[in-house]
Amino acid sequence: MKHFIIFGLASASLAGCGPTAPDANVAKTSQTQSDAAAKPVIDAVDAFHKALADGDSKQALALLADKVLIYEGGGAETSKAEYASHHLDADMAFLKGVKQSVSARSAQASGDVAWVTSQGETTGTYKDKTIDSASTETMVLRRSNGQWKIVHIHWSYADK
């Protein structure tokens with residue numbers, strides 16, 4: 001129950017999305033609000049996005065909790081194994097053809113739970129379709145054995 005309350009507070013108080021990996025496909029964040037304890041959490045989120053953009057499925061999966069819950073496009077994947085067998089490859093392929101920018105980001109850590117929210121834009125081409133969308137993302141992470149793991153992702157996109 002405690003985790004649902006923390007997640008609810010994070011979702012209600014922060015808006016977010018868009019990969020923020022420090023690579024050529026991602027522009028730097030222009031507005032960031034976070035506490036000092038959130039730096040390792042932001043680093044974990046950035047590492048996840050970089051792994052996806054680089055096509056490094058092993059590294060991307062290493063940053064996910066076994067029971068990660070991923071919401072996207074009205075659907076849900078309820079584990080790392082399910083994500084790996086369904087949308088992981090498509091997400092990596094998608095990121096090869098687009099550029100993403102992050103216009104706002106908030107992050108906060110409280111004990112062993114943290115959240116990062118981002119807003120941004122995604123542009124480019126995927127499967128011969130032009131992409132020009134606003135994006136939001138919420139990631140909730142939990143620290144276990146000193147390592148931050150992503151336990152929930154919510155991605156949302158809207159054509160501009």
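Everything numeric here is computed off the predicted structure, so don't read it as measured data.
- A search for ring-ring contact (aromatic ring centres under 6.0 Å, His included) contacts involving Phe94 returns Tyr126, not counting sequence neighbours.
- Looking at Lys96, its side chain does come within 3.5 Å of a backbone N or O of Ala53 through a donor-acceptor pair.
- Expressed to the nearest 0.5 Å, how far OG1 of Thr122 lies from CD of Gln100 amounts to 4.0 Å.
- The CD1 atom of Ile131 sits 9.5 Å away from the OG1 atom of Thr123 when rounded to the nearest 0.5 Å.
- Under a 3.5 Å cut-off, the side chain of Ser103 and the backbone N or O of Gln119 do form a donor-acceptor pair.
- Note: Tyr71 OH to His152 NE2 = 6.0 Å, rounded to the nearest 0.5 Å.
- Applying the side chain to side chain contact (heavy atoms under 4.5 Å, CB included) rule to Ser57 yields the partners Leu88, Met92; only residues at least two apart in sequence or on another chain are considered.
- Atom CD1 in Ile153 sits 4.0 Å away from atom CZ in Phe48 (nearest 0.5 Å).
- Taking CH2 from Trp115 and OG from Ser106, the interatomic distance works out to 11.0 Å, rounded to the nearest 0.5 Å.
- Asp56 is linked by a side chain to side chain donor-acceptor pair (under 3.5 Å) to nothing, counting only residues two or more places apart in sequence or in another chain.
- Proximity of a side-chain donor or acceptor of Arg105 to a complementary backbone N or O of Val116 within less than 3.5 Å is not detected.
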Please tabulate, for side-chain N and O atoms in residues 59-68, each donor-acceptor pair with protein atoms closer than 3.5 Å (sequence neighbours left out).
unit_1, atom_1, unit_2, atom_2, d
Asp66, OD1, Lys80, NZ, 3.3

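- You'll find the side chain of Glu72 reaches within 4.5 Å of the side chain of Tyr157, heavy atoms only.
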Check against side-chain contact (heavy atoms from CB on, under 4.5 Å), Trp155 and Asp91: CA-CA 11 Å; Trp155 283 312; Asp91 287 350; 3.6 Å; yes
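- Taking each heavy atom of Trp148 and Gly111 in turn, the nearest pair found is CH2-O, 3.7 Å.
- Annotation: side chain to side chain donor-acceptor pair (under 3.5 Å) contacts of His86 (sequence neighbours excluded): none.
- Residues meeting the side chain to side chain contact (heavy atoms under 4.5 Å, CB included) test with Ala37, sequence neighbours left out: Asp35, Ala109.
- A search for side chain to side chain donor-acceptor pair (under 3.5 Å) contacts involving Lys160 returns Glu121, Asp132, not counting sequence neighbours.
- His87 and Glu77 are linked by a side-chain donor-acceptor pair at a separation below 3.5 angstrom, with hydrogens and angles left out of the test.
- Contacts of Thr78 classified as side chain to side chain donor-acceptor pair (under 3.5 Å), with partners at least two apart in sequence or in another chain: Glu82.
- A distance of 8.0 Å separates CD1 in Ile70 from CE in Met139, rounded to the nearest 0.5 Å.
- Residues satisfying the side chain to side chain contact (heavy atoms under 4.5 Å, CB included) test with Ser144, not counting sequence neighbours, are none.
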